[in-house]
Amino acid sequence: MYKINDVICYQNYGICQIIDIKELTVMNNKARKYYFMRKMFDKCDSTIIKIPVDTDNIMRHVITKEDALVLIDSIPSLDPVWVKDVRERETLFKSMISSWKMEEWVKVIKSIYLMRQENRNSDKPKPLPIIDMKYFEKAESLFNQEMAYALELSENEIPLYIEKMIENSMDLS
């Protein structure tokens, strides 16, 4: 069980801080304990999320700074995944994002990024399907928020920070 002030990653909302834990009775059911949480990267800080303590949704502690740095080091070795069929690719990306594993988010981001680069460099570039960009933005947002929290940076600083870290590690090899 998490405690008040714990910062967690919650499946449906991203990085949240537990601000309270109380019992609630909802719709004449028996009382249950609930986490009261506030999204860490939400412009509206009046939004309170109430989640039963015994939820089946994925909740986990935010990645540590040390683990974040290890993950950044592993990015060049993570293989992109690409399925030609748009519907199959959508299913794959959706399951990778909902796995709530940061390595899977990186694979989605890397796959779409590389395909976009390849497309731009082709003789006849065409835009990627909107659904690919939707999953790219979702994975990137979740990833950047968690890395920003772990590395004590802003979300906007994460892409450049990672790029520099990878470049530096390549220079050392």
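What's counted below: heavy atoms across the whole structure, side chains too, no hydrogens, waters or symmetry copies.
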Side-chain touch [X]/[Y], heavy atoms, less than 4.5 angstrom:
X      : Y      : value
Gln17  : Asp6   : no
Met165 : Leu69  : yes
Leu71  : Glu103 : yes
Thr55  : Gln11  : no
Glu118 : Ser122 : no
Leu151 : Ile72  : yes
Glu152 : Lys65  : no
Arg89  : Ile131 : no

Going from [atom1] on [X] to [atom2] on [Y], what distance comes out if it is rounded to the nearest 0.5 angstrom?
X      : Y      : atom1 : atom2 : result
Lys30  : Glu23  : NZ    : CD    : 10.0 Å
Glu140 : Ile97  : CD    : CD1   : 11.0 Å
Ile162 : Leu153 : CD1   : CG    : 9.5 Å
Tyr34  : Leu24  : OH    : CG    : 6.0 Å
Leu128 : Met115 : CG    : CE    : 7.5 Å
Met40  : Cys9   : CE    : SG    : 11.5 Å

Write down the atom of [X], the atom of [Y], and the distance for their closest heavy-atom approach.
X      : Y      : value
Glu88  : Asp85  : N-OD2, 2.9 Å
Ile63  : Ala150 : O-CB, 3.3 Å
Ser98  : Ile58  : O-CD1, 3.9 Å
Leu142 : Gly14  : CD2-CA, 4.2 Å
Leu114 : Pro80  : CD1-CG, 3.8 Å
Glu155 : Ala148 : N-CB, 3.7 Å

In one Ile/Leu/Val/Met/Phe/Trp/Tyr side-chain cluster, 4.5 Å: Val70, Met102: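 Different hydrophobic clusters.
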
Members besides Ile8 in its Ile/Leu/Val/Met/Phe/Trp/Tyr cluster (side-chain heavy atoms under 4.5 Å):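 Taking Ile, Leu, Val, Met, Phe, Trp and Tyr as members, Ile8 shares its hydrophobic cluster with Met1, Tyr2, Ile4, Tyr10, Tyr13, Ile18, Ile21, Tyr35, Met37, Ile49, Ile51, Val53, Met59.
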
Heavy-atom donor-acceptor pair, Lys110 side chain to Ile75 backbone, under 3.5 Å: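 Such a contact is found between Lys110 side chain and Ile75 backbone.
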
Side-chain donor or acceptor of Ser111 paired with backbone N/O of Lys107 under 3.5 Å: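 Yes, the answer is positive, given that a donor and an acceptor are paired below the 3.5 Å cut-off.
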
Ile15 vs Glu146, side-chain contact (heavy atoms from CB on, under 4.5 Å): CA-CA, chis, key distance, verdict: CA-CA 7 Å; Ile15 307 296; Glu146 191 157 358; 3.9 Å; yes

N-O pairing of Glu90 and Arg87 below 4.0 Å: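 Arg87 and Glu90: not salt-bridged.
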
Trace of the side-chain contact (heavy atoms from CB on, under 4.5 Å) decision for Arg38 with Thr47: CA-CA 6 Å; Arg38 181 170 285 130; Thr47 304; over 6 Å; no

Just wondering, more than 12 heavy atoms not from [X] lying within 6.0 Å of its [atom1]?
X      : atom1 : value
Lys39  : NZ    : yes
Ile130 : CD1   : no
Asp56  : CG    : no

Summary of ring-ring contact (aromatic ring centres under 6.0 Å, His included) pairs that have at least one residue in residues 88-143, sequence neighbours excluded: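 Listed by first then second residue: Trp100-Trp105.
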
side-chain hydrogen bond (donor to acceptor under 3.5 Å, both in side chains) partners for Arg32, two or more places apart: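 Expected list: Asp54.
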
